[in-house]
Structures are given as structure tokens and as C-alpha cells.
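See structure below.
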Amino acid sequence: RVRGVRVREVRNVVTANGITTELYRLDWGVVQGTLQQVIHVALRGRAVSAWHQHRHRWDFLFVVSGHLRVVLFDPREHSTTQGQIDVFHLSPARPSLLAVPPWVWHGVQNLSMELSSFVNMFDRPYDYGDPDEWRLPADTDLVPYRFD
């Protein structure tokens, strides 16, 4: 696993009237510090959203519908996992909270034909005046991975 990445598989709790799934708990130890912003992202069927990087913020991803492939690439010069690729398949069938460290490139692909969505949580809020958001096209040569 890419250095610093944390993933916590959680469980669905079946109740008399549905299913309850915890998305985040402090005692899991996945988030160091506090969560400061939460957004919901919906991707159209087979859509790819790649590549993204933050240099100061952590990303915490939790898929709530559909089936997503999340790919991580570690470009960090002094990382013990520099150059490593991690691929995660995330869905509500096996709920997990994935923590992506700063500087790690990440891309998301909806493997479903229908809409898939995820909750994205951050340890720092988005700064509209100075966004900590870096992007590359999905087919860049700087990341040794191709979405199919």
C-alpha cells in the first residue's frame, strides 16, 4: 500500500427498516485531526475523474452508491513507496473509508453503467481564493496507469 494511505472496512448494520452504515468515527484512527468539509460527488455511468492531487489536504472517500475504482499513484520523492500504484474497488456492498494523503495523485472511475456516488471528506476546507487542487488529464504520461 502507498505510504500513508489508510483504509478501514466498515460493516452494514441491518435493521428492521433498512440498513445503517457508519461513514466515519473518530476512534477508527483513519483521520488524524478533524474533518472540516464534507461533499457529495455523483459520477455518470462509466465516467472517469482523473487525476487529482492536493498538497495540503487529505481526501477521505466513502462510496455510497454504485461501484468505483479508485487508483492512487505515489510521486513523492522521499516516500518509501515512490512510483507505486494502488487500486481499490469500492462499493456499498463492502463499505470502506479510504484516506488519501497529500501529494498522492488519485483518479476515480465509475465502473457502473448507472450513476455512482461517494462522500468526500477533507481535513481542511476548500479555499476558493487559493485552491489546493492540482489536476492532470486521465491520459497523462506522468502517471503510469490507464483507465479502460
Side-chain angles (χ1 to χ4, degrees), residues 1-15 17-25 28-76 79 81-128 131-148:
R1 185 169 296 152
V2 166
R3 187 175 61 95
V5 171
R6 297 185 294 273
V7 64
R8 164 74 184 225
E9 187 173 325
V10 301
R11 61 186 174 101
N12 290 320
V13 178
V14 179
T15 62
N17 58 357
I19 297 173
T20 299
T21 306
E22 291 178 311
L23 303 185
Y24 164 76
R25 287 178 53 109
W28 288 347
V30 175
V31 177
Q32 316 282 290
T34 61
L35 292 176
Q36 302 220 358
Q37 183 182 17
V38 178
I39 63 173
H40 177 266
V41 179
L43 289 178
R44 291 184 176 89
R46 305 298 296 170
V48 173
S49 178
W51 292 95
H52 312 74
Q53 180 193 74
H54 308 289
R55 297 186 179 165
H56 304 287
R57 297 190 297 163
W58 280 74
D59 262 317
F60 303 94
L61 307 174
F62 198 105
V63 175
V64 294
S65 70
H67 181 188
L68 296 180
R69 175 184 295 146
V70 179
V71 181
L72 310 179
F73 171 65
D74 186 358
R76 298 172 295 176
S79 172
T81 57
Q82 182 185 16
Q84 185 170 320
I85 295 280
D86 282 348
V87 179
F88 295 90
H89 289 265
L90 304 176
S91 84
R94 189 172 174 181
S96 298
L97 177 61
L98 177 64
V100 182
W103 290 91
V104 172
W105 288 106
H106 48 290
V108 178
Q109 179 180 23
N110 181 358
L111 296 177
S112 304
M113 296 305 289
E114 305 298 321
L115 199 70
S116 287
S117 63
F118 61 97
V119 173
N120 200 351
M121 300 167 262
F122 303 96
D123 63 338
R124 294 180 182 206
Y126 183 83
D127 182 347
Y128 295 99
D132 179 24
E133 183 83 21
W134 309 92
R135 294 186 177 267
L136 292 171
D139 62 352
T140 182
D141 290 333
L142 298 175
V143 178
Y145 184 89
R146 291 292 176 265
F147 290 95
D148 49 19

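Because only heavy atoms are used, hydrogens play no part in the values below, and waters and symmetry mates are left out as well, while side chains stay in.
Here the CG-OH distance, from Asp86 to Tyr145, works out to 11.5 Å after rounding to the nearest 0.5 Å. Atom CG in Asn110 sits 10.0 Å away from atom CZ in Phe118 (nearest 0.5 Å). With rounding to the nearest 0.5 angstrom, the CZ atom of Phe147 is 7.5 Å from the CZ atom of Arg69. Interatomic distance, CG of Asn12 versus OG1 of Thr20, reported as 9.0 Å (0.5 Å rounding).
The side-chain heavy atoms of Arg76 and Val2, taken from C-beta on, include a pair separated by under 4.5 Å. Between Ile39 and Phe122, the closest side-chain pair of non-hydrogen atoms falls below 4.5 Å. Using a 4.5 Å heavy-atom threshold, the side chains of Val7 and Arg1 count as touching. For the pair Val71 and Ile85, the minimum side-chain heavy-atom distance is below 4.5 Å. For the pair Val13/Glu22, no side-chain contact is recorded, criterion being any heavy-atom separation below 4.5 Å from C-beta on. Trp103 is not listed as a side-chain neighbour of Trp134, based on a closest heavy-atom distance of 4.5 Å or more.
Between Asp74 and Ser79, the shortest heavy-atom contact is OD2-OG, 2.6 Å. For the pair Pro137 and Trp51, the tightest heavy-atom approach, listed with the atom from each and the gap, is O-CD1, 3.2 Å.
Annotation: Arg146, atom CZ; neighbour count of heavy atoms from other residues, nucleotides and ligands within 6.0 Å is above 12. In Glu114, the CD atom is not crowded: 12 or fewer heavy atoms of neighbouring residues, nucleotides or ligands sit closer than 6.0 Å.
At least one donor-acceptor pair closer than 3.5 Å links the side chain of Asp123 to the backbone N or O of Trp58. Judged by distance alone, the side chain of Gln109 and the main-chain N or O of Asp148 form a donor-acceptor pair under 3.5 Å. Judged purely by atom type and a 3.5 angstrom limit, Gln37 uses its side chain to pair as donor or acceptor with the backbone of Tyr126.
For Arg135, the salt bridge (Lys or Arg N to Asp or Glu O under 4.0 Å) criterion is met by Glu133, not counting sequence neighbours. Every residue two or more places apart in sequence or in another chain that forms a side chain to side chain contact (heavy atoms under 4.5 Å, CB included) with Arg124 is listed here: His56, Arg57. Under the ring pair (Phe, Tyr, Trp, His ring centres under 6.0 Å) criterion, Tyr24 pairs with no residue at all, not counting sequence neighbours.
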Inset, instruction - Applying side chain to side chain contact (heavy atoms under 4.5 Å, CB included), run through Trp105 and Leu142 and close with a yes or a no. - result: CA-CA 10 Å; Trp105 288 106; Leu142 298 175; over 6 Å; no
Legend entry - Val38 and Val119: CA distance, side-chain angles, deciding distance, side chain to side chain contact (heavy atoms under 4.5 Å, CB included) verdict: CA-CA 7 Å; Val38 178; Val119 173; 3.5 Å; yes
Let me check something: any side-chain donor-acceptor pairs from residues 59-66 under 3.5 Å, sequence neighbours excluded? List them with distances.
from, atom 1, to, atom 2, distance (Å)
Asp59, OD1, Asn120, ND2, 3.3
Asp59, OD2, His54, NE2, 3.0
Asp59, OD2, His106, NE2, 2.6
Ser65, OG, Ser117, N, 3.1
Ser65, OG, Ser117, OG, 2.8

Validation: residues 87-102 side-chain donor-acceptor distances under 3.5 Å, sequence neighbours left out:
from, atom 1, to, atom 2, distance (Å)
His89, ND1, His67, NE2, 3.3
Ser91, OG, Ala93, N, 3.1
Arg94, NE, Glu9, OE1, 2.8
Arg94, NE, Glu9, OE2, 3.4
Arg94, NH2, Glu9, OE1, 3.1
Ser96, OG, Arg94, O, 3.4

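Annotation: salt bridge (Lys or Arg N to Asp or Glu O under 4.0 Å) contacts involving residues 38-51, sequence neighbours excluded, are absent.
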